[in-house]
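The structure appears right after this line, and notes come after that.
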2 protein chains.
Amino acid sequence: MSRSRTTVVDIAHAAGVSKSTVSLVLQGSPLVNEKTREKVNSVIADLGYVYNRGAANLRQARSKIVGIVVNDLTNSFFAELAVGMDMVVQSAGYVQFLAHSGESVDRQREVIASMRENGIAGMILSPARGTEAADIKPLIDSGIPVVVVVRNLPGAKVSTLLSDNYTGAKAAVRHLVALGHTRIGFMGGFLDTAVFAERLRGYRDALQEAGIAVDEALIIHSAPSRAGGVAAVERMMLISDRATAALCLNDAVAFGVCDGLRSVGIEPGKGFGVIGFDDVIEAKTAVPALTTVSVDPQGMGQRAAQLLLKQINAGGNEQESLVTSVRLVVRQSCGAPVRNNHLEEMA
Amino acid sequence: MSRSRTTVVDIAHAAGVSKSTVSLVLQGSPLVNEKTREKVNSVIADLGYVYNRGAANLRQARSKIVGIVVNDLTNSFFAELAVGMDMVVQSAGYVQFLAHSGESVDRQREVIASMRENGIAGMILSPARGTEAADIKPLIDSGIPVVVVVRNLPGAKVSTLLSDNYTGAKAAVRHLVALGHTRIGFMGGFLDTAVFAERLRGYRDALQEAGIAVDEALIIHSAPSRAGGVAAVERMMLISDRATAALCLNDAVAFGVCDGLRSVGIEPGKGFGVIGFDDVIEAKTAVPALTTVSVDPQGMGQRAAQLLLKQINAGGNEQESLVTSVRLVVRQSCGAPVRNNHLEEMA
DNA sequence: GGATATAATTGGAACGTTCCAAATATGTCA
DNA sequence: TGACATATTTGGAACGTTCCAATTATATCC
């Protein structure tokens, strides 16, 4: 069907110049005469030439491709994170390989290897559960900048961008305490992620600070999903001295908790205070609107991408560790009277 | 930092063979002696060689990269669609550029161009609203296989994979009619997509078939999102002879409709029947569980990817148009007694 | 042992760019 | 006009692989 690709040489020939000149035009070099540039550009348009970035990469040994690996794209927090990255990556003239590891370290290893073979200039990784520093060591050793987001990867020599889970959880619990709650639960998640550990730590410390003893029975583990939230409520109903409010691992769990409450006849926000974490888009429009710790995933994705691009351009590989601030957005699900939209701000 | 990349020549040198032999080993050719193969492989492992697929692509003029462009990754239907594609693409040894067009045709054009420069072997496109056949013409003309999913692109010479929107909508409305409803609304969406048109057509035809006159006042346009669903209910409350049930453009709208109903004191599934479309994961765990037309986005993504890979391998570019079947999953939100999970099946 | 078949290996050109050093054109000055 | 500076253009090597045709090693047969 299509004859062999038109190349820079074809352009050169048709425009009556050398391929070097065409290359110069392609790169927008100021060295080339205005008339020549016009001529070349018009020929390019005529022949429907498409630049072969692969060939250029081969010669230059640096590509305009970044790799992004996300543990769970079906979770809207991560989907939005990815969209944030997409925005700045595209705008900078890069494209991204974007893959979903599905929390499988094996799959993650495979896609990282594959991306590496395909010549990425850098990578953003939101690690699958159970990822170890060793998993990305070869990547790093080869001098490719890596930014780790959302979940920490202790021991890895990389830049990281985490949200301030500890402070956020603390603020949420403080808010529940201020509303008069004393039986406050923590729902969703398992011990295996740093995110869980930090949020739980914030929860514990806030209770302690308020002089409320931590009741381990109120810490209910479950899958970090909507279904997990439903399950957590079911489990909670079995204990005698039940909670009257809960901080949830994330918004998905919080929505599940609302569902679960409703199915046992409790109205979230009235009979029971629910606070989520992440502030995904639906949090605002849900009924009741979800009180949650806002992480702005899209903004976080943007920052991560900016950080990566900076490192790519700098060439140097000094690591940088950023913590994005977080704020409690009070809506209806916690049962507090809504005074204004962003009641509490935290640095 | 890192010295220049180790190449196939370095391997050859260290293993005492020629680069051609190394290349043969890399490709798993049966031509090479078992002992030589072992030797070469061990050297490869020792030197930490990483294959440069870009160089190979340059020589072979066919890559192992596919492009995927999705109109809205933050919509979980599309996120799951993408995950389905990711699964089969990865397993086939390909990587994907995955980009989010955010319903912007400009952005979409840019990323398509960028992916093309980066040498994709094929592309799956879930077009942004307003995309025209002309937008992807150059891609197609260059002989790159394209599969269009979810939304139709009339006039484009491509393979398509659509869900059976018409039949699905019809089945949903029939079900509502069977439950005794006569005032049935259609909520969410605008006239500008084929998906909307088809589902609406199914709605109209089913009503007509049942001898119920279509009341244009019950067709309420709104954004195809959760917030849009809330808005649609608000609008619906203003009319005198209100609907008692509604088919929603998609699950997001349906959730919004449930939210909206609740905030005016109507319990979805009791006072009002709600049916969604798509069957996203949360549909099952929501309260009330959402009756919806199941599209299995992940499965659809897989099929799309399989179709694309088939076309890439075939080389031939005969188009194929598939319609994925769809089935009504009756849960609680429509108010029907749940007899078993998949009450109605449709081919 | 020589001829022939088969197995295994190999050098060099090619893919489409960029980059360098060198060449050529154009302008300026005395 | 010659000397010099500056603006513009250019050929060829290089990037890391694959592929072809050709070569060399090994086995098989009479």
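Keep in mind that what you see is a predicted model, and the values were worked out from it rather than measured. Naming: A, B, ... by sequence-line order, numbering from 1 per chain.
With salt bridges taken as basic N to acidic carboxylate O contacts below 4.0 Å, one links A/E34 and A/R37. Salt-bridge annotation for B/R116 and B/E110: absent, with no side-chain N of the basic residue lying under 4.0 Å from a carboxylate O of the acidic one. By the 4.0 Å N-to-carboxylate-O rule, B/K310 lies too far from B/E318 to be salt-bridged with it.
Between the CG atom of A/N57 and the P atom of C/dG16 there is a distance of 15 Å, given to the nearest Å. One interatomic measurement links the two molecules: NZ of A/K35 to P of C/dT26, which rounds to 11 Å at whole-angstrom precision. In this structure, B/E34 places its CD atom 17 Å from C1' of D/dT26, rounding to the nearest Å. Going from atom CG of A/N33 over to atom P of D/dA7 covers 12 Å, rounded to whole Å. Atom CZ in A/R37 sits roughly 15 Å away from atom P in D/dA7 (whole-Å rounding). If you measure from atom CG of A/D10 to atom C1' of C/dG16, you get 10 Å, rounded to the nearest angstrom. Rounded to whole Å, atom C1' of D/dG16 lies 10 Å from atom NZ of B/K19. Computed from coordinates, the A/I44 CD1 to C/dG16 C1' distance equals 14 Å when rounded to whole Å.
The shortest distance between the side-chain N/O atoms of B/Q60 and the OP1/OP2 oxygens of D/dC19 is below 4.0 Å. Side-chain nitrogen and oxygen atoms of B/N52 include none within less than 4.0 Å of the OP1 or OP2 phosphate oxygen of D/dT17. In this model, the phosphate group of D/dC19 is not approached by any side-chain N or O of B/S20 to a distance below 4.0 Å at OP1 or OP2. Phosphate proximity of C/dT18 to A/S23: present, with a side-chain N or O under 4.0 Å from OP1 or OP2.
Remark: the backbone N or O of A/A128 is paired with a side-chain donor or acceptor of A/Q108 at under 3.5 angstrom. Of the possible donor and acceptor atoms, none in the side chain of A/D86 sits under 3.5 Å from a partner among the backbone N and O of A/A82.
Within 4.0 Å of B/A56, counting heavy atoms only, lie sugar-phosphate atoms of the nucleic acid but no base atom. Backbone-only contact: B/T7 has heavy atoms under 4.0 Å from sugar-phosphate atoms and none from a base. Counting non-hydrogen atoms under 4.0 angstrom, A/L26 reaches nothing in the nucleic acid. Nucleic acid contact for B/R62: sugar-phosphate only, since backbone atoms but no base atoms lie under 4.0 Å from a heavy atom of the residue.
Ranking C/dT10, D/dT17, C/dG16 by closeness to the B/S18 side chain, first place goes to C/dT10. Considering only side-chain atoms of A/R59, the nucleotide from D/dC15, D/dT8, D/dG16 that sits closest is D/dC15. Candidate nucleotides D/dA13, C/dT10, D/dT17 were compared by shortest atom distance to the side chain of B/L24, and C/dT10 ranks first.
Between B/A55 and B/V32, the residue anchored closer to the 5' end of DNA chain C is B/V32, taking for each the nucleotide with the nearest heavy atom.
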